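Quick notes on the structure that follows.
Order of listing sets the numbers, starting from 1, for every ligand and every atom in it. Keep in mind the model is a prediction, meaning the values are calculated, not measured.
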Amino acid sequence: MSLNGSGLAMKMVVAIIRHERLQEVQDVLDECGVSGVTVTEVKGCGAQRGYTEKYRGAAVHISLRPRLKVEAVMRSEIVDTVVDKLAVAGRTGKGEVGDGKIFVIGVEDAVRIRTGEHGPETVQHAERAMWGH
Ligand SMILES: Nc1ncnc2c1ncn2[C@@H]1O[C@H](COP(=O)(O)OP(=O)(O)OP(=O)(O)O)[C@@H](O)[C@H]1O
Ligand SMILES: [Mg+2]
C-alpha cells in the first residue's frame with residue numbers, strides 16, 4: 001500500500017524515537033531537505049503495554065518510558081524515502097524492542113508566517129545552501 005495514497009501534497013511524519021537516535025534522525029531530515037522539525041519529550045509504551053501499580057495510594061503507569069517525538073512536515077513525494085531512512089536511523093543495533101514507531105499523517109496546508117505564503121514550498125529547502133535549522 002502506498003503511503004502517498006491520500007492525494008495531499010504534504011505529509012507529517014511523526015517518529016517516536018530513543019533520545020540517543022536524535023542526531024541520526026535529524027541528519028536524515030537534513031539530507032532530504034526537510035526544512036524544519038519539532039521535537040518534544042514524551043512518555044509512552046508500545047506492544048509491551050504499560051502496567052499500573054499503586055504508589056502511595058496513586059495509580060502509576062510504571063512502564064511508560066521517556067522517548068522523543070519528532071514531527072516533520074514534508075512534500076508527499078519524499079515521504080516514503082524519509083520513512084525508510086528514519087526506520088534505519090532510529091534503530092538500535094540491528095533493532096531492539098522499544099526502538100519506536102513512525103506514523104504518517106496527511107497535511108492540508110502549511111503557512112510561512114513571515115511572508116504569508118502557503119503550500120509545499122514552505123516545508124522544503126529549495127537549495128542545499130539554504131539548509132540548516
Ligand atoms: N500505537 C501507538 N500509538 C502511539 N504511540 C505509540 C504506539 N506504539 C508505540 N508508540 C510509541 O512508541 C514508543 C516505542 O514503542 P515500541 O517501539 O515499544 O513499539 P512496539 O510496537 O512495542 O514495538 P517493539 O516490539 O519493537 O517494542 C512507545 O513508548 C510509544 O511512545
Ligand atoms: Mg515495545
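Of the protein's heavy atoms, Phe103 CZ, 3.7 Å lies nearest to atom 4 (C) of ligand 1. The protein non-hydrogen atom at the shortest distance from atom 11 (C) of ligand 1 is Ile16 CG2, 3.7 Å. Regarding atom 31 (O) of ligand 1, its nearest protein heavy-atom neighbour is Gly44 CA, 3.3 Å. Given atom 18 (O) of ligand 1, the protein heavy atom at minimum distance is Gly98 CA, 3.3 Å. With respect to atom 15 (O) of ligand 1, the closest heavy atom belonging to the protein is Gly46 CA, 3.8 Å. Looking only at protein heavy atoms, the nearest one to atom 17 (O) of ligand 1 is Gly100 N, 2.7 Å. The shortest contact between atom 21 (O) of ligand 1 and any protein heavy atom is with Lys101 NZ, 2.8 Å. Scanning all protein heavy atoms for the shortest distance to atom 20 (P) of ligand 1 gives Ala47 N, 3.5 Å.
Residues Val123 and Met10 meet the side-chain proximity criterion, which asks for heavy atoms closer than 4.5 Å. No side-chain heavy atom of Ile102 sits less than 4.5 Å from a side-chain heavy atom of Val14. Ser35 is not listed as a side-chain neighbour of Gln124, based on a closest heavy-atom distance of 4.5 Å or more.
When non-hydrogen atoms are compared, ligand 1 lies under 4.0 Å from the backbone of Cys45 (N, CA, C, O) but not from its side chain. By the criterion of a heavy-atom distance under 4.0 Å, the backbone of Asp99, and not its side chain, is placed next to ligand 1.
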Self-check item: Verdict with reasoning, Val37 to Val25, per side chain to side chain contact (heavy atoms under 4.5 Å, CB included)
Solution: CA-CA 10 Å; Val37 64; Val25 162; over 6 Å; no
Exercise. Could you please spell out the steps behind the side chain to side chain contact (heavy atoms under 4.5 Å, CB included) verdict for Thr40 and Leu68?
Key: CA-CA 6 Å; Thr40 314; Leu68 293 177; over 6 Å; no
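Polar contact check, Arg67 against ligand 1: no nitrogen or oxygen pair lies under 3.5 Å apart.
Taking the side-chain contact (heavy atoms from CB on, under 4.5 Å) definition, one finds that Lys101 meets it with Phe103, sequence neighbours left out. Scored by the salt bridge (charged side-chain N to carboxylate O under 4.0 Å, His left out) test, Glu24 finds no partners at all (sequence neighbours excluded).
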Throw together a table of side-chain donor-acceptor distances under 3.5 angstrom for residues 104-114, partners on residues two or more places apart or in other chains.
residue: Asp109; atom: OD1; partner: Gly119; partner atom: N; Å: 3.3
residue: Asp109; atom: OD2; partner: His118; partner atom: ND1; Å: 2.6
residue: Arg112; atom: NH1; partner: Glu117; partner atom: OE2; Å: 2.9
residue: Arg112; atom: NH2; partner: Thr122; partner atom: O; Å: 3.4

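Between Glu41 and the options Arg67, His19, Lys69, a side-chain hydrogen bond (donor to acceptor under 3.5 Å, both in side chains) holds for only His19.
With hydrogens and angles left out, the side-chain atoms of Arg18 and Thr92 include a donor and acceptor closer than 3.5 Å. Between the side chains of Asp27 and Gln23, at least one donor N or O sits under 3.5 Å from an acceptor N or O.
Around the Mg ion (ligand 2), the protein atoms of type N, O or S found under 2.8 Å away are Gln48 OE1, listed by chain and number.
Taking hydrophobic clusters as Ile, Leu, Val, Met, Phe, Trp and Tyr residues chained together by side-chain heavy-atom distances below 4.5 Å, Met12 does not share a cluster with Val79.
For the pair Arg65 and ligand 1, no heavy-atom separation below 4.0 Å is found.
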